[in-house]
Amino acid sequence: MTAQSPDPMPRPVPPGELRASHDDREAVVEQLRDAAADGRIDLDELDSRLEQALTSKTYAELAVLTADLPKPPSAPAENLPPLVLKGGMYGESRGPGRWEVPGHVIAHAGVGGVSLDFTRVECRLAEVVVEAYGETSGVTIVIPDGWATDTTGMNPGFGGLKDRTTPDRLPGTPLIRLTGSGGMAGVVIRHPNKRERRKLEGNATLD
């Protein structure tokens, strides 16, 4: 009796093939209507693009509809004060879930650690600076597929920096500019894992 070979690892889904939610489609619809109001596209083209937006299934299908349009103006989040998270003794987290993203986030892991999850946020900022300090228990940052990160300003420290993100950035998504220090426990930035993806897919069907 021959042993069965293990199941092959599932192929990662390219960012553009990820399923879009109602909120993703509505954001594109709003951008198209603004473009028509500004005279960038005529009414016939608006009707055609709106129909495609409302029936689009993936991020790639939506991205095509706004590829020739300027990015929408930055949200008022640019004017928000920095978000400061302190792990302290018991830890602190922001997300998963919808929360308003400022242009600057500061995370001090402390003893309890900090978790920062961007996977369900709506962010129109071109760039978000995340200043992370791994300290004793570390900082974990989760960003959606299609978002990219720049870690050149990060000091890995003793704990190190683990960048498990891909360089595939979708149009209109923010760049996470990571600064700070890994400290003793380090900093991890990554895309959602299998369990988190299943949960995201479940939430998307409820939108």
Side-chain angles (χ1 to χ4, degrees), residues 12-21 23-28 30-31 34-35 58-85 93-109 114-134 138-157 160-182 186-193 196-197 200:
V13 178
E17 294 181 14
L18 291 172
R19 292 283 178 153
S21 70
D23 288 341
D24 297 321
R25 286 185 280 271
E26 283 300 322
V28 171
E30 182 179 350
Q31 186 177 354
D34 288 343
T58 66
Y59 284 118
E61 291 173 357
L62 288 175
V64 170
L65 301 176
T66 58
D68 60 348
L69 300 176
K71 293 174 62 176
S74 296
E78 275 189 340
N79 302 320
L80 290 174
L83 169 64
V84 180
L85 302 174
S93 64
R94 181 59 58 96
R98 301 191 185 279
W99 52 281
E100 196 165 15
V101 180
H104 190 185
V105 180
I106 304 170
H108 289 275
V114 166
S115 174
L116 189 60
D117 191 331
F118 290 92
T119 53
R120 291 280 291 169
V121 303
E122 295 178 15
C123 181
R124 293 188 178 182
L125 296 172
E127 180 178 302
V128 177
V129 176
V130 177
E131 189 178 339
Y133 299 94
V139 175
T140 299
I141 304 161
V142 184
I143 63 174
D145 295 303
W147 288 27
T149 183
D150 179 356
T151 63
T152 55
M154 182 77 184
N155 177 4
L161 166 67
K162 294 181 181 179
D163 182 359
R164 297 171 179 165
T165 62
T166 64
D168 302 321
R169 184 180 178 189
L170 289 175
T173 60
L175 173 72
I176 300 297
R177 191 173 299 281
L178 191 59
T179 66
S181 173
V187 173
V188 176
I189 185 165
R190 59 176 176 79
H191 297 301
N193 58 32
E196 292 162 340
R197 289 180 192 279
L200 285 170

note = Between Glu127 and Pro174, the two heavy atoms sitting closest are N-CB, 4.5 Å

ask   = With side chains defined as the heavy atoms from C-beta onward, is the minimum distance between Thr149 and Val130 less than 4.5 Å?
value = no

task = Give, for atom CG of Leu85 and atom CZ of Arg94, the distance between the pair rounded to the nearest 0.5 Å.
result = 6.0 Å

request  = For Pro192, check side chain to side chain contact (heavy atoms under 4.5 Å, CB included) against everything at least two apart and list the hits.
outcome  = Thr119, Val142, Asp145, Glu196, Arg197, Leu200

Arg19 vs Asp24 side-chain heavy atoms within contact, under 4.5 Å = no

query = Closest heavy-atom contact between Val187 and Gly134?
reply = CG2-N, 4.0 Å

key: Separation of Gln31 CD from Glu26 CD (nearest 0.5 Å)   = 13.0 Å

query = Hey, are the side chains of Val114 and Tyr133 touching, using non-hydrogen atoms and a 4.5 Å cut-off?
reply = no

remark   = Between Asp117 and Pro96, the two heavy atoms sitting closest are OD2-CB, 3.5 Å

ask   = Quick one: ring pair (Phe, Tyr, Trp, His ring centres under 6.0 Å) partners of His191, sequence neighbours excluded?
value = none

request  = Work out which heavy atom in Ile106 is nearest to a heavy atom in Pro82; give both atom names and the distance.
outcome  = CD1-CB, 4.3 Å

Any donor-acceptor pair under 3.5 Å from Thr66 side chain to Leu69 backbone = no

ask   = Nearest 0.5 Å, what's the CG-CG distance between Leu170 and Leu62?
value = 10.0 Å

key: Non-hydrogen atoms of Ala132 and Ile141 that approach each other most closely   = CB-CD1, 4.4 Å

inquiry  = Can you tell me how far apart OG1 (Thr151) and NZ (Lys162) are? Round to the nearest 0.5 Å.
reply    = 14.5 Å

inquiry  = Suppose we screen for salt bridge (Lys or Arg N to Asp or Glu O under 4.0 Å). Which residues come up paired with Asp150, at least two apart in sequence or across chains?
reply    = Arg177

query = CG of Leu116 to CG of Leu83: how many Å apart, nearest 0.5 Å?
reply = 7.0 Å

query = Would a distance-only check, ignoring hydrogens and angles, find a side-chain to backbone donor-acceptor pair under 3.5 Å from Arg120 to Arg98?
reply = no

query = Once you round to the nearest 0.5 Å, how far does CG of Leu178 lie from CD1 of Ile143?
reply = 9.5 Å

task = Please name the pair of heavy atoms, one in Gly138 and one in Ala109, separated by the smallest distance, quoted to 0.1 Å.
result = O-CB, 3.2 Å

query = Would you say Trp147 and Cys123 make side-chain contact, with heavy atoms under 4.5 Å?
reply = yes

